[in-house]
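Worksheet: one structure, shown below.
When a ligand or atom number is given, it counts from 1 through the structure's own listing order. Residue indices begin at 1 and follow the sequence shown.
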Amino acid sequence: MPLMRRPSLWHHVVSWDRRPSPTGVIRLTTGAVLVTDPKLANYVLVRAHLYEEQSAFLRTRSWRPLPFEVRNEVIRGLMSALDLRHAPSSTMLVLDRRGVLTPGWGIWWMRRLFHDTIACDRPAVFDTAIDAFVDQVILGDDVGGSFRRTPAPALAELYRVLGDAIVIAGSQSHDPGDLVSVVANLDLALPPVEQGELFTRLVHSVISFTGIALEWAVLMACRDDSFRAALRAGEDVRHFLWELQRLYPTAWRLVRQACADHQIGDVQVAAGDDVIVATAALHRSEAHWKRSKEYLPTRWTEADLARDRAFIPFGKGRGMCPGRSAALEAIQDSLHSFYDRYEIIGGRRAHRSPYVRSILAPPRVRLRARARAARVPGCSPPACLSTTSELVGDRS
Ligand code: HEM
C-alpha cells in the first residue's frame, strides 16, 4: 500500500478552464510551452519533423521509440492479438465482500477481459508478473500515485523475469498470436530485459486508459438515468463515452519535445523545449463547445461533431492511438454486460476530486453492485449470481 498519495494535478485542468490563453499558446513558468488552441495543437501533433520521434508505449530503454518499421510490426501484431479478448463475464467483476467495487476495478476488469490478448495459455510466471505490474506500476504509480514509486531495481527485475519467459516462449512451437508472441517474434534484437519492458508497455496500452474510461462510464451511469436506461436496453452508448472523453479525457495532455527552433503562434520554441498539448483545455473550451463544462451527451447527435471540433482523446498524427475502436467496443460491451445483470449503485459522497497524474482518473466514489436476478427469466443461481458473495473475484 502506498504511504501517501501524491497531490492530484486536477488543479491544472481547473486553471486551464479558468484562464484560457487568448492566443492559444503560452510559456509556463516551468519553461514548457502550453498549447490550448486546436489548430496549433494539430500543428504540433502532425509536424513530426519539428519534434523528437517518440511514442507513448512503443519504446524501451535503448529505443525511444522503436524504429518506425518495427512500430508498425508491433501495431499489426497488437491489433490481431485484440481478437483474443474474452467476452465480458459477470464473474470478472472485482468486488469486496460487501459487493463494493474495489479501487482500480476497471483496470483489473480490462486485465481479465484482455487476458488472452496479453498471454494466452502461457506458463503461470506470466500471470504472476503481469499482475504484479498492474498492481505496483499501473495502479500504484500511474493511477494511485504513491510517493514511493516502484524502485528501478524492482522494475528491472520484473522486466527481466518477463523477458526471460518471453525468450523461452519464442523458442517453443506454441504461437497463439498474443502479446507474448508479438514481442518474441519481433524483427529486432532486444535483450530480454527490454523485451520484458516492451511487453509491459503494451499491456499498459491495452488495459490502463481503457479501464479508467470504463470506471468513468460506470460512475456517470450511476448519476444519469438516460445512460442507465440506454444500457439496460442494450443500445449503442458511444455518445455517452465520447462526452465523457470530452469532459474528462483520460489522456488529458500530450507532451512533445521540440528538436528544432520554431514558432508556435506568438511563442518562440527552442530545440529541447517541452510542448504540452492541453487536450483537456481544448475539450472544455467555451470557444469551441456550447455549454462546454456541462455533461451533455445529446450534443453528439450532431453529425460529424468530433471531426469539426477540438476533440483529440486519442491523439492525432503519427502517434495516434491504434486501439481507439477496440477500446470503445470493449468499454461498451463491458457496460452492457454489467447492466444486463446488475444494478450499480453509487454513493453520494465523492472521496476525492478526479485524481490526475499521467491519467485522469475518476473521483473515488463507493460503487456497489447488486445482482438483478429478475432480469433473466427462469434463471436461478448460480447461473445468474444472486448473492454478492458469489461475485467476489480474485485478480487472476
Ligand atoms: C479509452 C481508451 C484509450 C485512450 C483514451 C487512448 C489514448 C491514447 C492516446 C491519446 C495516444 C497518443 C499518445 C501520444 O500521442 O503521445 C495513444 C497511443 C497509443 N495507444 Fe491508446 N488509448 C486507449 C486505448 C488503447 C487500446 C485498447 C490500445 C490497444 C491496442 C491502445 C494502444 C495504443 C498504442 C500502441 C499507442 C502508441 C501509438 C504510437 O506511438 O504509434 N490504446 N492512446
Side-chain angles (χ1 to χ4, degrees), residues 35 41-42 44-48 51-60 63-85 106-107 109-111 113-114 117-118 138 142-143 177-179 182-183 198-218 237-238 240-257 274-280 282-283 306 311-335 356 358-362:
V35 177
N42 197 52
V44 172
L45 296 176
V46 300
R47 288 285 189 283
Y51 297 92
E52 297 293 346
E53 270 287 297
Q54 58 192 84
S55 167
F57 301 114
L58 309 181
R59 59 188 163 99
T60 70
W63 292 97
R64 304 176 70 87
L66 297 173
F68 188 63
E69 276 314 310
V70 179
R71 281 164 69 183
N72 281 344
E73 187 189 336
V74 174
I75 289 175
R76 275 195 299 274
L78 178 55
M79 299 317 286
S80 75
L82 291 177
D83 293 341
L84 295 168
R85 96 159 148 87
I107 288 178
W109 170 275
M110 289 298 166
R111 156 80 180 109
L113 195 72
F114 289 106
T117 292
I118 295 168
I138 300 186
D142 294 329
V143 180
D178 56 7
L179 294 185
V182 172
V183 177
L198 175 60
F199 178 74
T200 58
R201 289 189 190 281
L202 296 178
V203 171
H204 213 322
S205 80
V206 175
I207 68 175
S208 54
F209 285 67
T210 325
I212 289 297
L214 175 66
E215 290 188 17
W216 268 111
V218 167
V237 292
R238 270 173 298 184
F240 293 96
L241 303 182
W242 286 331
E243 182 63 353
L244 281 172
Q245 279 299 325
R246 186 190 70 78
L247 211 46
Y248 305 109
T250 324
W252 60 289
R253 50 142 169 65
L254 303 172
V255 184
R256 296 290 183 268
Q257 196 177 41
D274 279 337
V275 176
I276 303 171
V277 172
T279 306
L282 308 184
H283 287 192
F311 189 62
I312 51 165
F314 297 104
K316 201 155 200 165
R318 224 152 105 159
M320 188 172 182
C321 178
R324 51 197 183 276
S325 307
L328 290 177
E329 197 184 316
I331 296 167
Q332 175 156 261
D333 288 356
S334 301
L335 289 168
V356 182
S358 48
I359 293 179
L360 197 163

**Request:** Under 4.0 Å, heavy atoms only, figure out whether ligand 1 is touched by the backbone of Leu82, its side chain, both or neither.
**Result:**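 Side chain only.
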- request: Would you check whether Arg324 reaches within less than 4.0 Å of ligand 1, judged by its heavy atoms?
  value: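 So Arg324 does not count as touching ligand 1.
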(request) Using non-hydrogen atoms of the residue, decide whether Pro313 is closer than 4.0 angstrom to ligand 1. (result) yes
Nearest heavy-atom approach of Tyr51 to Arg256 is CD2-CB, 3.7 Å
When every non-hydrogen atom of Phe209 is compared with those of Ala251, the smallest separation belongs to CE2-CB, 3.3 Å
For [X], take its heavy atoms, then give the atoms of ligand 1 lying under 4.0 Å from any of them.
{"X": "Leu78", "result": "30 (C), 35 (C)"}
{"X": "Ala251", "result": "10 (C)"}
{"X": "Gly315", "result": "10 (C)"}
{"X": "Ala327", "result": "2 (C), 24 (C), 27 (C)"}

I need the nearest protein heavy-atom contact for [atom]: residue, atom name and distance, please.
{"atom": "atom 42 (N) of ligand 1", "value": "Cys321 SG, 3.0 Å"}
{"atom": "atom 38 (C) of ligand 1", "value": "Gly319 O, 3.6 Å"}
{"atom": "atom 31 (C) of ligand 1", "value": "Ser205 O, 3.4 Å"}
{"atom": "atom 6 (C) of ligand 1", "value": "Phe314 CD2, 3.6 Å"}
{"atom": "atom 16 (O) of ligand 1", "value": "Arg256 NH1, 3.1 Å"}
{"atom": "atom 13 (C) of ligand 1", "value": "Leu254 CD2, 3.8 Å"}
{"atom": "atom 41 (O) of ligand 1", "value": "Arg71 NH2, 3.6 Å"}
{"atom": "atom 34 (C) of ligand 1", "value": "Pro322 CD, 3.4 Å"}

CG (Leu254) and CD (Gln54) are apart, to the nearest 0.5 Å, by 9.5 Å
Notebook entry, point to check: Roughly how far, to the nearest 0.5 Å, is NZ of Lys316 from CG of Asn42?
Noted result: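 Output value for this atom pair is 4.5 Å.
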Taking the side chain as every heavy atom from C-beta outward, state whether Arg324 and Pro313 have any pair of such atoms under 4.5 Å apart.
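Counting from C-beta outward, Arg324 and Pro313 never come under 4.5 Å.
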Compare all side-chain heavy atoms of Leu214 with those of Ile107 and state whether any distance is below 4.5 angstrom.
->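 Leu214 vs Ile107: side chains apart.
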Q. Who's closest to atom 24 (C) of ligand 1 heavy-atom-wise, of Ile312, Thr210, Ile75, Ile331?
A.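 The nearest heavy atom belongs to Thr210.
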Next on the checklist: Regarding Arg64 and Glu52, does a basic nitrogen lie under 4.0 Å from an acidic carboxylate oxygen?
Outcome noted: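 No salt bridge links Arg64 with Glu52.
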Charged N to carboxylate O under 4.0 angstrom, Arg76 versus Glu73?
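Salt bridge: no.
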- Query: Is a side-chain donor or acceptor of Gln332 paired with a backbone partner of Val237 at a separation under 3.5 angstrom?
  - Reply: yes
Polar contact flag for Ser55 and ligand 1 (N/O pairs, less than 3.5 Å): yes
(Q) Below the 3.5 angstrom mark, is there an N/O of Thr250, backbone or side chain, next to an N/O of ligand 1? (A)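 Looking only at distances, the answer is no, because the N/O contact criterion of under 3.5 Å is not met.
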Exactly one candidate in Leu244, Thr210, Val218, Leu113 meets side-chain contact (heavy atoms from CB on, under 4.5 Å) with Ile331; the answer is Thr210
Note to self: Over 60° means perpendicular and under 30° means parallel, so tell me whether Trp216 and Tyr248 are parallel, tilted or perpendicular.
What the structure shows: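 Trp216 and Tyr248: parallel rings.
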